[in-house]
Amino acid sequence: MTTADWQRLETSLPAWVSECRGYTAQGKVASYIPELSKAPKDALGITIMSSDGRSVSAGDSELAFTMQSISKVFTLILALMDNGEEAVFRKVGMEPTGDNFNSMLKLELVQPGIPFNPLINAGAITISSLIKGNGSAEKSARILQFFKRLSGNASLAYDSDVYLSESDTGDLNRSMAYLLKDHGVLEGKVDDVLDVYFRHCSIRGTCADLARMALVLANNGSDPLTGEILIPRRYVQIAKTFMTTCGMYNASGEFAIQVGLPAKSGVSGGILALLPGRYGIGVIGPALNAKGNSCAGVRLLETISQEMDWSMF
Ligand code: GLU
């Protein structure tokens with residue numbers, strides 16, 4: 001990006017956030033995990049980091065939120081690093097479902113009964129079972145450590161209120177895990193696997209943490225500061241492809257057309273997006289649209305992508 005382009009981004013970002021904030025009124029904060037319903041409905045914030053070390057933030061970018069499904073991108077990567085591609089794709093598929101993120105429908109209808117992809121809940125719970133470690137505590141510690149390295153934030157931590165809230169109410173995820181166990185997809189104790197899953201969904205960060213993690217993906221797996229390889233390039237390629245085809249729930253096709261960036265959203269209203277080779281982006285806007293994506297967050301990414309001509313396609 002030229003200096004003039006970056007200056008335009010820096011100057012315009014606060015205005016674009018103000019324009020898009022109105023869309024928060026059209027959405028609803030997730031409440032099926034009761035603790036998430038406490039998030040501020042009208043919040044909207046963003047941080048963008050560039051591969052040459054520049055960073056710009058606007059709106060409520062300091063708001064802390066749990067990563068929820070965004071974490072699934074990185075547990076997939078860790079599972080690939082732990083087990084290799086062949087072992088992982090024996091347990092999860094590579095296709096979008098067209099169903100809700102927490103649906104079990106295709107596990108019964110389509111054979112073999114493995115989850116369609118690692119970003120839906122059934123797939124991500126299966127991925128949690130593939131993380132190496134001695135028991136759920138060590139697996140969770142390895143995941144948190146990996147997230148700390150990618151975000152460059154050594155104080156990243158779990159939100160224990162959100163973790164307990166989901167663990168108390170996660171009956172659908174629990175039933176899914178038992179089904180997967182019965183089908184021979186999930187190995188290990190169901191409760192341990194779910195503990196790993198609920199914990200990584202409850203890792204708390206800010207837009208800057210997401211932007212920095214996204215920047216590692218934008219940099220093909222290298223640390224933006226030191227150049228150290230944190231993720232093998234092939235696994236970044238796999239992650240970016242899943243983000244493009246399934247990262248925005250059942251609105252992934254529309255998002256690819258309107259925004260044109262690999263992205264992953266979560267029920268907390270966070271969105272992680274990236275422009276390969278150039279930017280890592282973190283967005284928060286807790287009010288969700290009917291598809292489960294941040295109403296104003298999607299609108300903001302559409303505006304930026306169109307104004308700055310960022311679509312990859
Ligand atoms: N922890 C959430 C769940 O399992 C993640 C869902 C999401 O962000 O899509 O329901």
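Residue numbers start at 1 and run along the sequence shown. All ligand and atom numbering here is 1-based and tracks the order in the structure. Because the structure is a prediction, the values reported are computed rather than measured. What you see below is based on every heavy atom in this structure, not just the backbone, and it leaves out hydrogens, waters and symmetry mates.
Geometrically, Lys291 does not engage Tyr249 in a cation-pi contact defined by less than 6.0 Å to the ring centre and at most 45° from the axis.
Checked for salt-bridge contact, Asp60 and Arg21 meet the test: a charged N lies under 4.0 Å from a carboxylate O. The pair Arg8-Asp5 does not meet the salt-bridge criterion, since no charged nitrogen lies less than 4.0 angstrom from a carboxylate oxygen. Taking the charged nitrogens against the carboxylate oxygens, Asp223 and Arg212 do have a contact shorter than 4.0 Å, which makes a salt bridge.
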Using residues 238-248 as the side-chain source, report each donor-acceptor pair under 3.5 Å to any protein atom, sequence neighbours left out, with the distance given to one decimal.
from	atom 1	to	atom 2	distance (Å)
Thr241	OG1	Gln237	O	2.6
Thr244	OG1	Lys240	O	2.8
Thr245	OG1	Thr241	O	3.1

Every pair of nitrogen or oxygen atoms between ligand 1 and the protein that is under 3.5 angstrom apart - can you list them with their distances to 0.1 Å?
from	atom 1	to	atom 2	distance (Å)
ligand 1	1 (N)	Gln68	OE1	2.6
ligand 1	1 (N)	Glu166	OE1	2.8
ligand 1	1 (N)	Glu166	OE2	2.7
ligand 1	4 (O)	Asn121	ND2	3.0
ligand 1	4 (O)	Glu166	OE2	3.0
ligand 1	4 (O)	Asn173	ND2	2.9
ligand 1	4 (O)	Tyr197	OH	2.6
ligand 1	8 (O)	Ser69	N	2.9
ligand 1	8 (O)	Ser69	OG	2.9
ligand 1	8 (O)	Tyr249	OH	3.3
ligand 1	8 (O)	Val267	N	2.9
ligand 1	9 (O)	Ser69	OG	2.5
ligand 1	9 (O)	Tyr249	OH	2.4
ligand 1	10 (O)	Tyr32	OH	2.4
ligand 1	10 (O)	Asn121	ND2	3.4

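If you look at Phe146 and Phe74, their ring centroids are not closer than 6.0 Å.
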